[in-house]
Amino acid sequence: MPELPHVQVFKEYADATSLHKRIEDVRVQDDRPLDGVSIPRLKKTLRGRTLTSSRRHGKWLFLATDGDPVLALHFGMSGQLVHTTDAKAPDGTVFSLRFVDGSTLAMVMPRMLGKVALTEDVEAFLEEREIGPDALDVEEERFVRRVRTRSGMVKTALMDQGVLAGLGNEMVDETLFMTGLHPRTKVDDLSDKEIVAIRRAAKEATERIVEARARREGLPESMLLRHRGEKDAKCPRCKVPFDRIKVGGRTTYVCPEHQGAS
DNA sequence: ATATCTGTTCCTCT
DNA sequence: GAGAGGAACAGATA
């Protein structure tokens, strides 16, 4: 799941379940996602600390404690946070934090494609990794300017985390569906007005997804995402089957009726 | 057994 | 150099 809205849900989940709790024990079940941090250092950094705040930027979630380095999490293709009232960690857990109240927060990521890192400086971290401004936290004019740093297909530009952070395959399909634009449209062929509409659509889609707590069944019928993955998915607006094409190497849903031609 | 999948990075070709 | 496509990473699921 993890695109911007999902990570936003994880952030709110972490805040609700784990903020202001002292970490009694840290366990690392699988060290493959650890990026530039050893198991001992991760444990030393977190044990005895209290989670004080969280911040999302794009698809990254940063968890700060009352100690020094900040924990940086990327959920890859399959990651999520799971809080339990006992000490058991689910299958596919990367690491888990046991709090003094006996509850556990686990990063569960079966496919292990995400990242666990530490950083002293979140801004520097984002810069090093060439992560652009958060897609929802950037003002209109800059959003347009960022998209215009690319001249190829609009879907590729929007999925590029260096252009804008947070939009992935599904979010981009949803925003282009909402704005009636074909994913293969060249950025140079878009008006500023159309790019602004994409920004508004991304905000709206995110709100709906967060409201649904990232559950597909909780989404309005009118959204593409509600139908994505169904066998004979039809455009809820035009009632015609979606085209499934490849754009930027990713499966892309397009309504042949209202999303024009490329 | 084969194909697909919400992300990212690296490689090749144009 | 920029853009596009493919492969690889890993594991679950159809």
Side-chain angles (χ1 to χ4, degrees), chain A residues 1-11 29-36 56-61 72-82 90-94 107-117 125-126 128-132 134-135 146-177 182-190 202 205-206 208-210 212-219 223-233 242 244-254 262:
Chain A
M1 283 185 201
E3 295 186 35
L4 186 157
H6 312 95
V7 180
Q8 181 64 29
V9 170
F10 300 159
K11 173 191 153 47
Q29 287 83 350
D30 196 314
D31 68 356
R32 284 174 293 177
L34 269 51
D35 185 6
R56 182 196 58 74
H57 183 107
K59 300 173 190 174
W60 284 91
L61 178 61
L73 305 178
H74 191 291
F75 295 89
M77 296 265 268
S78 63
Q80 59 175 315
L81 294 177
V82 177
D91 286 349
T93 295
V94 177
M107 183 190 201
V108 181
M109 193 160 64
R111 288 167 70 185
M112 302 291 166
L113 289 174
K115 295 260 186 284
V116 177
F125 179 89
L126 294 170
E128 277 162 28
R129 299 194 178 228
E130 298 185 317
I131 307 295
D134 184 83
R146 293 304 303 162
V147 173
R148 291 212 184 280
T149 62
R150 295 288 180 277
S151 60
M153 302 184 293
V154 61
K155 173 157 184 177
T156 308
L158 293 172
M159 281 202 303
D160 186 333
Q161 301 302 293
V163 172
L164 291 166
L167 306 180
N169 192 33
E170 293 196 343
M171 279 295 289
V172 169
D173 277 7
E174 186 68 48
T175 59
L176 295 176
F177 170 80
H182 194 285
R184 287 193 174 129
T185 309
K186 297 283 187 285
V187 170
D188 289 348
D189 292 335
L190 294 176
T206 298
R208 296 293 92 76
I209 296 168
V210 171
R213 308 287 296 163
R215 285 173 33 262
R216 201 181 293 277
E217 320 82 62
L219 296 173
M223 285 179 73
L224 161 61
L225 274 181
R226 172 67 189 265
H227 307 280
R228 196 189 175 100
E230 290 170 2
K231 298 157 288 298
D232 303 306
F242 283 108
R244 288 179 48 177
I245 61 176
K246 290 277 182 194
V247 180
R250 314 305 302 277
T251 296
T252 300
Y253 283 64
V254 194
S262 60

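Keep in mind it's a predicted model, so treat the numbers as computed, not measured. Throughout, protein chains are lettered first and strands after them, A, B, ... in sequence-line order, and every chain is numbered starting at 1.
- Atom name P, nucleotides C/dG6 and B/dA3: the rounded distance is 15 Å, in whole Å.
- In summary, A/Asp30 and A/Arg32 engage in a salt bridge, as defined by a charged side-chain N under 4.0 Å from a carboxylate O.
- The shortest distance between the side-chain N/O atoms of A/Arg250 and the OP1/OP2 oxygens of B/dG7 is below 4.0 Å.
- Remark: A/Lys155 pairs with A/Asp173 by the salt bridge (Lys or Arg N to Asp or Glu O under 4.0 Å) rule, at least two apart or across chains.
- Side-chain contact between A/Leu81 and A/Leu61 is present, with heavy atoms from C-beta onward closer than 4.5 Å.
- Within 4.0 Å of A/Arg244, counting heavy atoms only, lie sugar-phosphate atoms of the nucleic acid but no base atom.
- A gap of 24 Å separates the P atoms of B/dT8 and C/dG1, to the nearest Å.
- A search for salt bridge (Lys or Arg N to Asp or Glu O under 4.0 Å) contacts involving A/Glu217 returns A/Arg215, not counting sequence neighbours.
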task = Would you sketch DNA chain B in dot-bracket for me? Only Watson-Crick or G-U wobble pairs with both distances under 3.5 Å count, crossing pairs as [ ], other-strand pairs as |, the rest as dots.
result = .||||.||||||||
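- A sub-4.0 Å separation between OP1 or OP2 of B/dT8 and a side-chain N or O of A/His74 is present.
- Taking the side-chain hydrogen bond (donor to acceptor under 3.5 Å, both in side chains) definition, one finds that A/Lys11 meets it with A/Asp15, A/Ser54, sequence neighbours left out.
- Take A/Asp35 and apply the side-chain hydrogen bond (donor to acceptor under 3.5 Å, both in side chains) test, not counting sequence neighbours, and it matches A/Arg129.
- In this structure, A/Asp91 places its CG atom where only 12 or fewer heavy-atom neighbours from other residues, nucleotides or ligands lie under 6.0 Å away.
- Listed by chain and residue number, A/Asp160 satisfy the side-chain hydrogen bond (donor to acceptor under 3.5 Å, both in side chains) test with A/Arg150 (two or more places apart in sequence, or in another chain).
- By the 4.0 Å N-to-carboxylate-O rule, A/Arg216 lies close enough to A/Glu170 to be salt-bridged with it.
- Taking atom CD of A/Glu170 as the reference point, atom P of B/dC5 lies 10 Å away to the nearest angstrom.
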Detail all sub-3.5 Å separations between protein N/O atoms and N/O atoms belonging to nucleotides 10-14 of chain B.
none

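- Applying the ring-ring contact (aromatic ring centres under 6.0 Å, His included) rule to A/Phe75 yields the partners A/Phe10; only residues at least two apart in sequence or on another chain are considered.
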Atom pairs under 3.5 Å, N or O on each side, protein against nucleotides 11-14 of chain C: can you list them with distances?
from	atom 1	to	atom 2	distance (Å)
C/dG11	OP1	A/Arg32	NH1	2.6
C/dG11	OP1	A/Arg32	NH2	2.6
C/dG11	N2	A/Arg111	NE	3.2
C/dG11	N2	A/Arg111	NH1	3.3

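- Residue A/Ser78 places none of its side-chain N or O atoms closer than 4.0 Å to OP1 or OP2 of B/dC5.
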Could you pull out the protein-nucleic contacts involving nucleotides 1-8 of chain C (nitrogen or oxygen on both sides, under 3.5 Å)?
from	atom 1	to	atom 2	distance (Å)
C/dG3	OP1	A/Ser151	N	2.8
C/dG3	OP1	A/Ser151	OG	2.7
C/dA4	OP1	A/Met153	N	3.2

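- A 4.5 Å side-chain heavy-atom check between A/Ile209 and A/Met171 finds at least one atom pair inside the cut-off.
- Across all strands shown, A/Lys115 has no heavy atoms under 4.0 Å from either base or sugar-phosphate atoms.
- For A/His227, there are no ring-ring contact (aromatic ring centres under 6.0 Å, His included) partners at least two apart in sequence or on another chain.
- Across the protein-nucleic acid pair, A/Arg129 atom CZ and B/dG7 atom P stand 17 Å apart, rounded to whole Å.
- In this view, A/His74 and A/Lys59, A/Trp60, A/Lys115 satisfy the side-chain contact (heavy atoms from CB on, under 4.5 Å) rule, not counting sequence neighbours.
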